[in-house]
There are 2 protein chains.
Amino acid sequence: MNIGDVSTQTGLPAKTIRYYEDIGLVKPLRDDNGYRVFRSQDVHKLNFLGRARALGFTIEDCRTLMALYEDETRASADVKKVARAHLAQIEAKIADLNAMRDTLGHLVEACAGDDRPDCPILQDLGGEP
Amino acid sequence: MNIGDVSTQTGLPAKTIRYYEDIGLVKPLRDDNGYRVFRSQDVHKLNFLGRARALGFTIEDCRTLMALYEDETRASADVKKVARAHLAQIEAKIADLNAMRDTLGHLVEACAGDDRPDCPILQDLGGEP
DNA sequence: CTTGACCTTCCCGTGACTGGAACCCCCACT
DNA sequence: AGTGGGGGTTCCAGTCACGGGAAGGTCAAG
């Protein structure tokens, strides 16, 4: 399978797939003409990566998870550890964003949004009481 | 005031302040020795920027907001528009992260986290039903 | 006079790609 | 035999908002 077909099958842009090869996440074969040739296990790996990335795991986490996936003697505790650390990061991020949304939401509601210059948003940013 | 004092006062790293000068967000004066000299209005601007960044506005948004802040003839509608667009982005991001948290949370809960290899997290990533 | 805390500029690196240039390969059509 | 188009390839540059660190100038204290 060539990269275009793999891109269609996995939903990953060809550029991304090449990048994943670059950083050693996937190792397709090469045809005589230099084209990448993907076996089904490569496609499987790419799907794995796509799902892991969709869950927000970093590339390095993906590398770790892939290694665990391929290691028959893994301990599920190791997988869980990675996942829980990431989950904690997500939750921290959500908390940050919720705080932003609350503050910004109040400010937006308080702003008249007309043609006059008075604006509680700018007042807040300007540090006015 | 030199950059170190400004850094202390605003809580912004000196590197960040220099960067903000680089991209034209602040224009401190220069002493004979080449040191940056910040007036109170510069510090005020930097505090403004710090608060806007803390609310997650992009640098370009900050630039826009600063311009509006300094424009006495602004319409608050313009400010509100920028803020609401950003709020929408925040909410979209929160929705994404909530989805990730839910999925990942279920998977983490379902994982035994022991020394055996069986792991619903990897099963999910691997696309197993 | 030296030490050490400042300050300066400059350049590289980050994460995870994305866009684009310049070029090669293959098949179909005229 | 040429040509066109739709693949593929590499490599370079850019994104965003800084942070690290090198190499060197400046200043106040001891």
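For clarity, every value in this text was computed on a predicted model and none was experimentally measured. Below, chains carry the letters A, B, ... as their sequence lines are ordered, and counting in each starts from 1. FYI, side chains are in, hydrogens and waters are out, and symmetry mates aren't considered; it's all heavy atoms of this structure.
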Counting only side-chain heavy atoms from C-beta out, which of [options] sits nearest to [X]?
X: A/Thr58; options: C/dA16, C/dG19, D/dT10; result: C/dA16
X: B/Arg30; options: C/dT8, C/dC17, D/dT26; result: C/dT8
X: A/Tyr35; options: D/dT9, D/dC18, D/dG21; result: D/dT9
X: A/Asn2; options: C/dT8, D/dA17, D/dG8; result: D/dG8
X: B/Tyr20; options: C/dT9, D/dC18, D/dT9; result: D/dC18

Write down the distance between [atom1] ([X]) and [atom2] ([N]), rounded to a whole number of angstrom.
X: B/Asp31; N: C/dC6; atom1: CG; atom2: C1'; result: 13 Å
X: A/Asp22; N: C/dC17; atom1: CG; atom2: C1'; result: 11 Å
X: A/Phe38; N: D/dT9; atom1: CZ; atom2: C1'; result: 12 Å
X: B/Lys15; N: D/dG20; atom1: NZ; atom2: C1'; result: 6 Å

Quiz item: If only atom types and distance count, is the side chain of A/Arg74 paired as donor or acceptor with the main-chain N or O of A/Tyr69 below 3.5 Å?
Solution: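 Here the side-chain-to-backbone pair exists.
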Quiz prompt | Flag, side chain of B/Asp31 to backbone of B/Asn33, donor-acceptor distance under 3.5 Å | solution =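 A pair under 3.5 Å: no.
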If only side-chain N and O atoms of [X] are considered, is one of them under 4.0 Å from the OP1 or OP2 phosphate oxygen of [N]?
X: A/Arg18; N: C/dA16; value: no
X: B/Thr16; N: D/dA17; value: no
X: B/Arg53; N: D/dC18; value: yes
X: B/Asn33; N: C/dT8; value: no
X: A/Arg36; N: D/dT9; value: yes

Self-check item: Contact summary for B/Ala110 and B/Pro120, nearest pair of heavy atoms
Solution: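 Scanning both residues completely, I find the closest heavy atoms to be O-CG, 3.3 Å.
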Quiz prompt | pair B/Tyr20-B/Arg18: side-chain heavy atoms closer than 4.5 Å | solution = no
Self-check item: Side-chain heavy atoms of A/Ser76 within contact of B/Asp114, under 4.5 Å
Solution: yes
Quiz item: When all nucleic acid strands are considered with a 4.0 Å heavy-atom cut-off, which category describes B/Ile3: base, sugar-phosphate, or nothing?
Solution: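 Sugar-phosphate: the residue B/Ile3, judged by heavy atoms under 4.0 Å, touches backbone atoms but no base.
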